[in-house]
Amino acid sequence: MTSGSRQVELGFDPVSIDRKWQERWERDGLNSVPDNDERPKWFEMTMYPYPSGDLHIGHWYAMAPSDAHARFRRMQGYNVLHPIGFDAFGLPAENAAISRGIHPYEWTMDNVENMRRQLRSIGAIYDWDREVVCCLPDYYKWNQWFFIKLYEQGLAYRANAPVVWCPSCITVLANEQVLNGACERCGAMVTRRDLEQWFFRITDYADRLLDFSGLIEWPDKILTMQNNWIGKSTGVEISFDIGSLGIEEREIRTFTTRIDTIFGVTFIVLAPEHPLVEQITTPQHKAEVEEYVAQARRTSEIDRLSADKEKTGVFTGAYAFNRLNWERVPIFISDYVLMTYGTGAVMGVPAHDARDFEFARKYRLPIRQVIAPISWDGSELREAYLGDGFMTNSGAYDGMTNDEGVEAISDDVEKQGWGKRAVSYRIRDWLISRQRYWGTPIPMIYCESCGVLPVREEDLPVLLPSNAEFKPTGESPLAASAEFVNTTCHACGGPARRETDTMDTFMDSSWYMMRYVSPHFQDGPVDPELAKSWLPVNQYTGGAEHAVMHLLYSRFFIKALYDMGMVDFEEPFLRLYNQGVILGQDHEKMSKSRGNVVAPDDVVSVMGADAVRCYLMFIGPWDQGGPWSGEGTNGIARWLNRVWDIAIRDAAALDGSSGSASRDTRRLLHQTVRKCYNDLDRFKFNTAIASMMELTNHLNRVWAEGSVEPELWDECVEKLLLMLAPMAPHVTEELWERTGHEYSIHRREFPVWDEELAADEVFTLVVQVNGKVRDKLEVPVGIPEAEAQQLALSSPRVQSFLDGKAVNKTVYVPGRLVNVVVQ
RNA sequence: GCCGAAGUGGCGAAAUGGUAGACGCGCCGGUCUCAAAAACCGGUGGGGGCAGCCCCGUGUCAGUUCGAAUCUGACCUUCGGCACCA
């Protein structure tokens, strides 16, 4: 039952109608997608769900509107591929194995089976023959194949790097998977740890990933987020002299975007993890530095980066020389400097950087202003000055603008060999290794004599062993399976060990759209001929939370394939639309702990799939999300009931006596078709439904008057059903049959409108005096300006507001209003 | 803290420079009923007036404009995202 206190009583049984047509469509293969077809193709994809066990209303909110849009495209005459699959690898399956003793495969495939049933209840046009389940060897074999291709291109490499470590999941997390210092999956606070890992060189593609070059139509919001995530900044890498310290390294390299402020350097700060820290620290500072380093490694990166956190740091006892003025500056370490960005070392310019300013204040370091705003009177700074100005206290560069200073100093630095212009990115390489069982085994072997080798293509897939140790040991569960680990080197025949890590599941989702095209193809990840005709994806829909992970990885992946000549397109998803989040009744997030999760099965079994579909599309703009309301669904149920009632009436009862009623009805019909067509095209489902409601309200009115022509009535019913078909596929199919039409409504084209028939004959001319509405006049469309003004001015109501005052001017907006301006 | 989006009836919303509140929920009144539910019909931003009508009203304050929910600036609030990026 819905949460509403009253239940709308329907004049038909939606549940049996759902069942009847879902079975019929399946039997007839109505939704099977042909590969070779006259029609233009349209590949519309919704982000595939993780098989967590049960479909919740959020899944419906993602899938029902996207299905309606795909159906609309099909009715526009496209051959539409709107597939579904399961993002079936991942940690929850492993957690279930650990906590409940169920094998991840069993847990996952049980859930998949259940969710298949629930997904069918939506009544979407999924072609189940094209389903992709990426935990099956048929799929993950190609993950391995792609991995090897990337490896051969030099895009996959191993590195020992500090990684984010979740002590609860006992696994490495991508930087992008950490939320507020906590593990995205389990919520535990993360720490850091060094491990030998596989990476993909996404940083090689940073510039190309920044180039959206009109190829793709994505929301600006997502583009901005990707832009910020990649975080390109141009500057100068400048080294400071530490030759006097007597260690092997003669300089410290820093990166700055403000080389113009180099004369304002009063200290250097290294990241605590910087390799030079140990060597340069003097004996009397050793204990303090070591303690600080240890603490920094314990602190999660997110905490270190917290803006509210007070700056901390310690002096190493060492000094470096600024080569531009040979000043001696102290070297500190502080956790506000990150080893993973730039060179892991920063030149401290407190006068012109807010963080350096704060640091200098705290440790009483000198603050020297070297950029002077025009109005500067020489007084001391109260905060860092970040703006433009003239170079001062900067030797030969004094008097230049700071922009000129950047160029002049960069030139000189390069000439002297102290550094070079450089670009720095925030984005880091994609860490692909996971110390988990339920993922794609990384297809590499380690041979004592031949070193690191990829598995031969003919030996793929490297199958996941079924007998793994799931209890977390800190190692990959695969390491516990001797028969998996121990293998033979195909190069020398000697003993070798397999890589025991598995792949990040973002690997699966980076290319799954390709697999939908030819899911059963055996000779490659995708049939090249079909790839040519289907790819890339025309329309992708899904949550905005994937803005910087999945969507960026996939773009990188496809660009890498493009470079290898494997695909002929550079962007996987041409158009993107992000739906909002469905909330609970009181605008709160839905969660199991709150107990406010709406189970679609419960609602659908009472009011049918169509009412749920339509309600979700009616609550508001799709991209804004909104609250689920049990009572709100009553409105849609009532409306579908009215549609039913209208459709099954016998139009012979009408006498069509009023020509004007027929004219009005025909006009409204064509206006409604125009409105629905344009709204559905742009995912504006809510206003499309509202306009259909207006049409049904009108039809009820004219029926009561009996004044409309029977043929026109039938035409209205037919077109209303066609317009509603993408949103309410079951009821419309049933009514299509009951009104004597040929099966199936879903093979018909969307109605078209006639601009002439949609055109209004009269409109309401608004008459304003000084911008305030004072009268409304019904006038014919195309009324001449002079006549409209005449009518407006002679309106008695307008006259009473003019009160004899002189008219300064009148503003005329054709088809809308006359504004009379007085005094 | 920074970035982005958004603030409109009791509620979900519509209108993106020109009639504010379409459409729907809820509520109120009516029809039907012994009664209720359902269904159907009518009403429903606030204030004033017997009424014709009038005034006010789209987070706040300014501004631009003949005219602003819509554009600009500042502020407040909420929601998303996040990077102390040197």
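Chain letters run A, B, ... following the sequence lines, proteins first and then strands; every chain starts at 1. Note that these values count all heavy atoms, side chains included, but never hydrogens, waters or copies made by symmetry. Only a predicted model underlies this, so the values are computations on that prediction, with no experimental measurement involved.
- Residues meeting the side chain to side chain contact (heavy atoms under 4.5 Å, CB included) test with A:A62, sequence neighbours left out: A:Q579.
- Rounded to whole Å, the separation between the P atoms of B:A37 and B:C27 comes to 11 Å.
- Here A:Y336 and A:F359 bring their ring centres to under 6.0 angstrom of each other.
- Between A:D645 and A:R642, no side-chain nitrogen of the basic residue sits less than 4.0 Å from a carboxylate oxygen of the acidic one, so the salt-bridge criterion is not met.
- At a threshold of 4.0 angstrom between heavy atoms, the contacts of A:F801 are confined to the sugar-phosphate backbone, with no base atom among them.
- Distance check on atom P: B:G24 versus B:C40 gives 11 Å, rounded to whole Å.
- Taking atom C1' in both B:A20 and B:A83, one finds a spacing of 41 Å when rounded to whole Å.
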- Once Watson-Crick and G-U wobble pairs under 3.5 Å are found, how is RNA chain B written in dot-bracket notation, 5' to 3', with | for any base paired to another strand? (((((((..(((.....[....)))((((((.......))))))((((....))))..(((((..]....))))))))))))....
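- Taking atom CE of A:M225 as the reference point, atom C1' of B:G81 lies 5 Å away to the nearest angstrom.
- On the C1' atoms, B:A69 is 12 Å away from B:G59, given to the nearest whole Å.
- Considering only side-chain N and O atoms, A:R426 lies nowhere under 4.0 angstrom from the phosphate OP1 or OP2 of B:A86.
- With sequence neighbours excluded, the residues that form a side chain to side chain contact (heavy atoms under 4.5 Å, CB included) with A:V766 are A:Q768, A:V773, A:L817.
- On the C1' atoms, B:C56 is 24 Å away from B:U64, given to the nearest whole Å.
- The P atoms of B:U77 and B:C61 are separated by 16 Å, rounded to the nearest whole Å.
- Put simply, CZ on A:R701 is 10 Å from P on B:C41, counting in whole angstrom units.
- Anti is the classification of B:G46, since its glycosidic angle lies more than 90° from 0.
- Comparing the P positions of B:A13 and B:G9 gives an interatomic distance of 11 Å, to the nearest angstrom.
- Side-chain N/O atoms of A:R774 include one lying less than 4.0 angstrom from OP1 or OP2 on B:C55.
- A salt bridge between A:D353 and A:R258 is absent, with no side-chain N of the basic residue lying under 4.0 Å from a carboxylate O of the acidic one.
- Rounded to whole Å, the C1' atom of B:U60 lies 37 Å from the corresponding atom of B:A51.
- Neither OP1 nor OP2 of B:G24 sits under 4.0 Å from any side-chain N or O of A:R638.
- Look at CZ on A:R428: it is 13 Å from P on B:C82, rounded to the nearest Å.
- At least one side-chain nitrogen or oxygen of A:Y341 sits closer than 4.0 Å to the OP1 or OP2 atom of B:A86.
- One finds no salt bridge joining A:E237 and A:R421 here, because no Lys/Arg side-chain nitrogen approaches an Asp/Glu carboxylate oxygen to under 4.0 Å.
- One donor-acceptor pair, N or O on each side, does fall under 3.5 Å between the base of B:A83 and the side chain of A:N228.
- Residues in residues 812-822 of chain A take part in no side-chain hydrogen bond (donor to acceptor under 3.5 Å, both in side chains) pair, two or more places apart or across chains.
- For the pair A:R426 and A:W229, the cation-pi criterion (under 6.0 Å, within 45° of the ring axis) is fulfilled.
- Using a 4.0 Å cut-off between charged side-chain N and carboxylate O, A:R368 and A:E327 make a salt bridge.
- Side-chain polar atoms of A:N578 and A:D623 form no donor-acceptor pair below 3.5 angstrom.
- A:L720 is linked by a side chain to side chain contact (heavy atoms under 4.5 Å, CB included) to A:V643, A:M692, A:L695, A:T696, counting only residues two or more places apart in sequence or in another chain.
- In this structure, A:L223 places its CG atom 19 Å from P of B:C3, rounding to the nearest Å.
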- Take nucleotides 13-23 of chain B nucleotide by nucleotide from the 5' end and write B, S or -, depending on whether a protein heavy atom sits under 4.0 Å from the base, only from the sugar-phosphate, or from neither. SS---BBS-BB
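- Rounded to an integer number of Å, the gap from CG of A:N700 to P of B:G24 is 11 Å.
- A:N227 has its CG atom 13 Å from the C1' atom of B:G4, to the nearest Å.
- When each of A:T343 and A:V820 is assigned the nucleotide of RNA chain B bearing its nearest heavy atom, the one mapping closer to the 5' terminus is A:V820.
- For the pair A:N634 CG and B:A39 C1', the computed distance is 13 Å after rounding to whole Å.
- Computed from coordinates, the A:I646 CD1 to B:C40 C1' distance equals 13 Å when rounded to whole Å.
- Comparing A:T256 and A:N770 along RNA chain B, the residue whose closest nucleotide (by nearest heavy atom) sits nearer the 5' end is A:N770.
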